Structure formats: structure tokens, C-alpha cells
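Let me begin by presenting the structure, written as C-alpha cells, before commenting on it.
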Amino acid sequence: MAYEPILLARVNKPDSTRLEGYRIDGGYASFERALAELKPEEVTTRVKDSGLRGRGGAGFPTGLKWTFLPKDHPGPIYLCINADESEPCTYNNRILMEKDPHQVLEGIMLACYAIKSRCAYFYIRYEYGTAYRTLQSAIDELYQAGLLGKNILGSGFDLDIFLHRGAGAYICGEETGLIESLEGKRAWPRIKPPFPAIEGAFRKPTIVNNVETMACVTQIMRRGNDWFKSMGVPPDPKNPRDAGSYGPKLYTIAGHVNTPKCVELPMGVTIRELVEKHGGGVWKGLKAKAVNPGGISMGFVDCNLKLKDSDQTEYDIPLDFNGPGRVGCLGLGTAAVTVIDEQTSMVDVLHNVCQFFAHESCGQCTPCREGTGWMLKMTDRLRRGQGRKEDLDILVDVSDRIGIIPGTTICGLSDGAGWPVKTAIRKFRKEFEDAIQSGRKSVVKSLKLLGAH
Amino acid sequence: MAFLSDEIRARIQAYIPRYPNKQAVTLPALHIVHDELRCVPNEAIREIADLLDLAPSEVRDTMTFYQFFRESDNKLGKTRLWVCRTLACNLRGADDLLEHCSHKLGVPVGGTTTDGKITLEFAECIGACEGAPAVLVNDEHVMNVTNDKMDELIEKLRSA
């Protein structure tokens, strides 16, 4: 039976962005019920027990994060919404904000009630101008309806939501980079601990949550935990630390497919099913060679590489929180799937990826700033037919040494910069060696670049 | 006499009550000035600093970090046209599109047409990957951009 979307249920409705239509569809009833009947702690417990894990990339259990706030803190406590969605090939949050802003805003209101925050900062990347204006209209409607502001519905609960626009920097998606940017400083991530729950925005306890996570909170409070847990993948019994991968997920499909789009499915769909069934298959009748399973930071899946003791290949892995990690990828990330066809050079793909990270490294930590720059120089050399045999080992070496995991940087940006490099070269080494041996050149555009950007 | 108009100053000041300190208004203030003046001149930096109780160097430090705000010697045109070059768009022809734009407009990437109408930029992933190759016209997406569609868009922006 085809899955009936919940998070995306309203996106194709006429006037899906308006408060009136949202209320007709039952919107804000959960929020009103929570205000009238539930204690904040009960909302937290409900979200914690649902098994919801953050949809932004790291997959940290949402309700558990909320419990890390200091008990009985006099306030202020802040909620920051991370709508800096800049991970390449990811656009699910944009669709939610542009098409159903109230579903996201209700989740924010429920979350603020749960964590006793009276002020949410919604940090949205500058590039999402349409989403920004849509959200601002939705927020204006809420103030007019008395659902935001002072003493909401006579409950004594006050809440403001402020939109705050970014300025084109990927690093602002890192939660402490986001906080620094919100505070009006350069977006240099902070050393943790202290984590934001203890000391975050304006040095006060702060929760940073993703947009899709907020939409999930809305649906969990409306439909209950049994609904949420009725889909997805339960915890791995062999791994006591696994929190499972419950609930629906918005997957985005991009690259060499016939119909790139965002689809909502229960967690755990395989890459093959996602691409072949939902993405319309690989374009031009070609086959998939490689796939990024969750934004380019997660590294590459080799679609032809057989899994151990199985007829299946890496193309068959499930996209739950554990699947990509089993084949050497960093994780599920943003569940943004980018398909690369068999005629595309991995040298060119890797060069493009390195170009992104060299541009977006914030420059604070030397291993990342220099490492991403050198990886770009080396992959540029490779695509110009001037690669040297030792380059591949040097690239892997650099990529293994930059990041939080090897312990050389403050944030995870360079783990994400290293992962595609090490997975591409380890999984497609022969193609890289052939390119070096043959001195094959890619078609290189030598566009003159001026100015700041 | 102040460099920034009363209207711009009032719009900046309206942001102050939203935050527990004034420094948080730095980005909103820079956006307001940049949108209006198509750059952030030195005088504006000094006045933003004054309005927010900061040193001008603090405003400049934040401003230059983002590589988004132009200074007065490198002013933006009326429309800022960003061509996405990151993977999803790259796989579907972004490099060719960017080159096409550069030739069509007669400017290098980062440059502004002599009539001051269009500034061409590359962008890293703009989050419109279902419509790759995609571009941003200021802050609005245009998707599935072929060379022909780009030519039409450029004509429209030129006559705007």
C-alpha cells in the first residue's frame, strides 16, 4: 500500500500557507490542548518517548536534548530554529517553510512551551527569500490571532518568534556557529562543552532544533507516539546505544534522476527504491555509479560494490540512522540523496565537492582551513591531468586527519569535508588511478572570478 | 548630518527590542543597508556601530566574515543573479550555465554590467536541487534554467 504523507499532506493544497486553512485542518488544536491540559514536562516526556531524533543531520534524540536544560532555571531560555539548510542537495526544510509554515510554527510553539522558552529565534538562510516572507506572514497571522505574544489564550504563557536572516554561510548550520551569527559575530563555532543547553545564545540555556524536527513535534502531539513508532526501524538489539529510527522522513532526491523531488516515506527506505521508484530512475537510461546518501558530507556509496555475504550492493542499504554508517559513510545526515550516473567522472565530482568545502570552511581551525584548501588544489590537479601517483594517499591522509572525530577541529564541518574524499578514493580508487595514469583531462572551465563571492 | 537616512535608521532601531543585546542587530542592520544602497560604505559601518553601541571594527569584522556584503568600491547592480554551482546543479549543467551568463552579460563572475542592472555571482548550494540547474534572482529561486530560459530572464532584468 502506498504511504500516505503526513508532513507533506498539506503542501499541494490551495492557500496551504494561511492560518485559516491550517486551522480548518485541525491546526493549533494540539497547542491549545497542551496549554490547557498538559504541563511542560509532559510535552517533553511525550516527545522523548516518541523516539524522535533530530532531522538536521546528527540524529540526536530531540526530547532527551530538551531534558539537558538546567532544572528550574529562572530564564531566559531560548529556542533557536536551524533553518540554515545549506547541506548540498538538501531542500526538505525549504518545502515545509514555503508550503506549510504553520505546521513548523506549531511545533516551535509546542517546543517552547515544553522547554519554558518565551522567545524563539528562527535563523533562516538568506537564500530562502520566499520561505522568509511566507513565514513572516504566518507569524503575523499568529500575533493577530492571539496565538503569539503575551498571555496566549489566557494561559499566562508568553511567546515571541523572531525570524533572523543569515548571509550565505554554510557554517551557520553548525549550532554554535548559528548562535554566534545570531549574536552578531562571525559564525565561528564554539568549543563544546558547554553545550548550548547549558550556555547557548546570549550565554543562556538554548535548544537548537531543525525545521523538520519541529514539524514532527506537531504531528507527534497531534497523533501520538504509537502513530510515530508505527513506522521506521526499531533499535538494533545488538547495539544498546541505538535509539532506533522511528517516524516519517522527508527524503530529497537530486542529481542524475528523471524526477528529482522531495518525498515523505517511513524511515528506512533503501537507496535503490528511493531512486528507482520515487526518483523515476537514473536519467537517460543510464545506471547509477555512486550516490551521496545524506548530503555530500556523508561520503559516497558505490552502487556496484557487493555487500559482504550478500547479492545486494551498497545501493540496497536502508536510509535509516544506521544504514549509511554500515558502508563507511558518516551517517544519514540530511537524507538528501544525490545520484551520479555511470558516465560521470568521480574525479570531477570530487573536485566539485572539495570546491564547496574549501569555500565554506570558516577558517577558524587550521587543519580545516588548510586541509580543505589543499584537497581542492589536489583534486583540481587531478582533473587537469596532472595528478601524481602519491596524491591519492595524501588526499586520504588529509581527509583522515581533519575533523572532530580525529580530534583536530572545533566542529564537524571538516569531518564532512573529509568523508567524501576518503570514501570516493577508497571505493573508486581504480578510476582515480586510471585518470592519473592516462593524464586524462576533464573539460575545465576557466571562468574568471571577480569580487567577494 | 547622518549618512544613513532617517528611514533606514528607524528600521534598524526597530530590531533592537527583539534581542537581549544590540550587537545581535548587526546582521539585520547590514542587510537593511546593503539592500538599499547595494553596498555597505564605511560611513554606514560607523553609523551602524554607533546605533548598536559597538566599535566600527566589530561591525566590519562580522560583515567581512560572510563575504556577502559588498563595499562601496564594488557596488552591486540592481539585481544580484546567483548561479548555483554545487553538486546537484553541477551534475545538470551549472558550469555551462554560468559560462553562458558570463558571456551573455559580458562580465566575469562577480562583475556588474556597465548599465548597473545585473551583478553575476556563483553561489554554493541554494537548496533548489529539484530544479537543477537553479539560480537565485536576489533571494528568489528560478528553477530548471536552460540557456534559453536564462536569456529570457536576463532580458527581463535588463528592461526592468
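Order of the sequence lines sets the chain letters (A, B, ...), proteins ahead of strands, with each chain counted from 1. Note that the coordinates shown come from a computational prediction; the quantities given were computed from them, not determined experimentally.
- Both the backbone and the side chain of B/Ala128 come within less than 4.5 Å of a heavy atom in chain A.
- Distance NE2/A/His359 to OG1/B/Thr86: 9.0 Å, rounded to 0.5 Å.
- Counting heavy atoms of neighbouring residues, nucleotides and ligands inside a 6.0 Å radius, atom NZ of B/Lys78 does not exceed 12 of them.
- Heavy-atom contacts from other residues, nucleotides or ligands closer than 6.0 Å to CG of B/Asp73 number more than 12.
- Of the two parts of A/Arg94, only the side chain, counted from C-beta on, holds a non-hydrogen atom closer than 4.5 Å to a non-hydrogen atom of chain B.
- With a threshold of 4.5 angstrom between heavy atoms, A/Thr90 approaches chain B through N, CA, C or O but not through any side-chain atom.
- Between chain B and the options A/Ala201, A/Pro76, A/Gly166, the largest number of non-hydrogen pairs under 4.5 Å is found for A/Gly166.
- Contact of A/Ala187 with chain B is made through backbone and side chain together, with heavy-atom distances under 4.5 Å.
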Checklist entry - Are A/Cys172 and B/Tyr66 close enough, and set up right, to give a side chain to side chain contact (heavy atoms under 4.5 Å, CB included), and what steps lead you there? => result CA-CA 10 Å; A/Cys172 296; B/Tyr66 294 93; 3.9 Å; yes
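- Residues A/His164 and B/Pro28 are in side-chain contact: their nearest non-hydrogen atoms beyond the backbone lie under 4.5 Å apart.
- With values rounded to the nearest 0.5 angstrom, B/Ile126 atom CD1 is found 8.0 Å from A/Glu127 atom CD.
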Next on the checklist: Applying side chain to side chain contact (heavy atoms under 4.5 Å, CB included) to B/Asn21 and A/Phe202, what does each step give before you reach the verdict?
Outcome noted: CA-CA 8 Å; B/Asn21 70 39; A/Phe202 309 103; 3.6 Å; yes
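- Across all non-hydrogen atoms, the minimal contact from A/Gly255 to B/Arg92 is O-NH1, 2.5 Å.
- Taking CG of A/Leu182 as the start and CG of B/Leu27 as the end, the distance is 9.0 Å to the nearest 0.5 Å.
- Considering only heavy-atom pairs separated by less than 4.5 Å from chain A, the leading option among B/Leu30, B/Thr64, B/Thr119, B/Asp61 is B/Asp61.
- The aromatic rings of B/Tyr19 and A/Phe162 sit tilted, their planes meeting at an angle between 30° and 60°.
- Note on ring orientation: taking the six-membered ring where Trp is involved, the planes of B/His141 and A/Tyr128 are perpendicular (angle over 60°, cut-offs 30° and 60°).
- Of the two parts of A/Thr252, neither the backbone nor the side chain holds a non-hydrogen atom closer than 4.5 Å to a non-hydrogen atom of chain B.
- Taking the side chain as every heavy atom from C-beta outward, B/Phe65 and A/Ile171 approach each other to under 4.5 Å.
- Within the model, atoms OG1 of B/Thr62 and NZ of A/Lys185 stand 9.0 Å from one another, a figure rounded to the nearest 0.5 Å.
- The environment of CG in A/Asn12 is sparse: at most 12 heavy-atom neighbours from other residues, nucleotides or ligands sit within 6.0 Å.
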Item to check | Worked verdict on A/Gln355 versus B/Arg85 for side chain to side chain contact (heavy atoms under 4.5 Å, CB included) | outcome: CA-CA 10 Å; A/Gln355 183 174 261; B/Arg85 69 169 187 183; 3.3 Å; yes
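- Distance OG1/B/Thr26 to CD/A/Glu183: 10.5 Å, rounded to 0.5 Å.
- With a 4.5 Å cut-off on non-hydrogen atoms, A/Tyr170 does not touch chain B at all.
- Chain B forms the most heavy-atom pairs under 4.5 Å with one residue out of A/Lys204, A/Lys261, A/Glu87, A/Arg125, and that residue is A/Arg125.
- Looking at B/Asn90 and A/Val349, their side chains never come closer than 4.5 Å, going by heavy atoms from C-beta outward.
- Residues A/Gly168 and B/Phe68 come closest through the heavy atom pair N-CD1, 4.5 Å.
- Minimum heavy-atom separation, A/Ala254 to B/Cys129: CB-CB, 3.8 Å.
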Item to check | Working for salt bridge (Lys or Arg N to Asp or Glu O under 4.0 Å), residues A/Asp160 and B/Arg18 | outcome: CA-CA 9 Å; A/Asp160 286 307; B/Arg18 294 181 168 204; over 6 Å; no
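- Using a 4.5 Å cut-off between heavy atoms, A/Ser181 touches chain B through backbone and side chain atoms alike.
- Among B/Gly131, B/Pro20, B/Ala88, the residue with the largest count of heavy-atom pairs under 4.5 Å with chain A is B/Pro20.
- Using a 4.5 Å cut-off between heavy atoms, A/Leu350 makes no contact with chain B at all.
- Residue B/Leu136 touches chain A through its side chain alone, counting heavy-atom pairs closer than 4.5 Å.
- For NZ of B/Lys117, the number of neighbouring non-hydrogen atoms (other residues, nucleotides, ligands) closer than 6.0 Å is greater than 12.
- Across all non-hydrogen atoms, the minimal contact from B/Leu87 to A/Asn352 is N-OD1, 3.1 Å.
- Contacts of A/Asn292 with chain B are made by side-chain atoms alone, with heavy-atom separations under 4.5 Å and no backbone atom involved.
- Taken from CD in B/Glu130 to SG in A/Cys262, the straight-line distance is 8.0 Å, to the nearest 0.5 Å.
- Counted by atom type alone, B/His31 and A/Tyr126 present zero donor-acceptor pairs between their side chains at under 3.5 Å.
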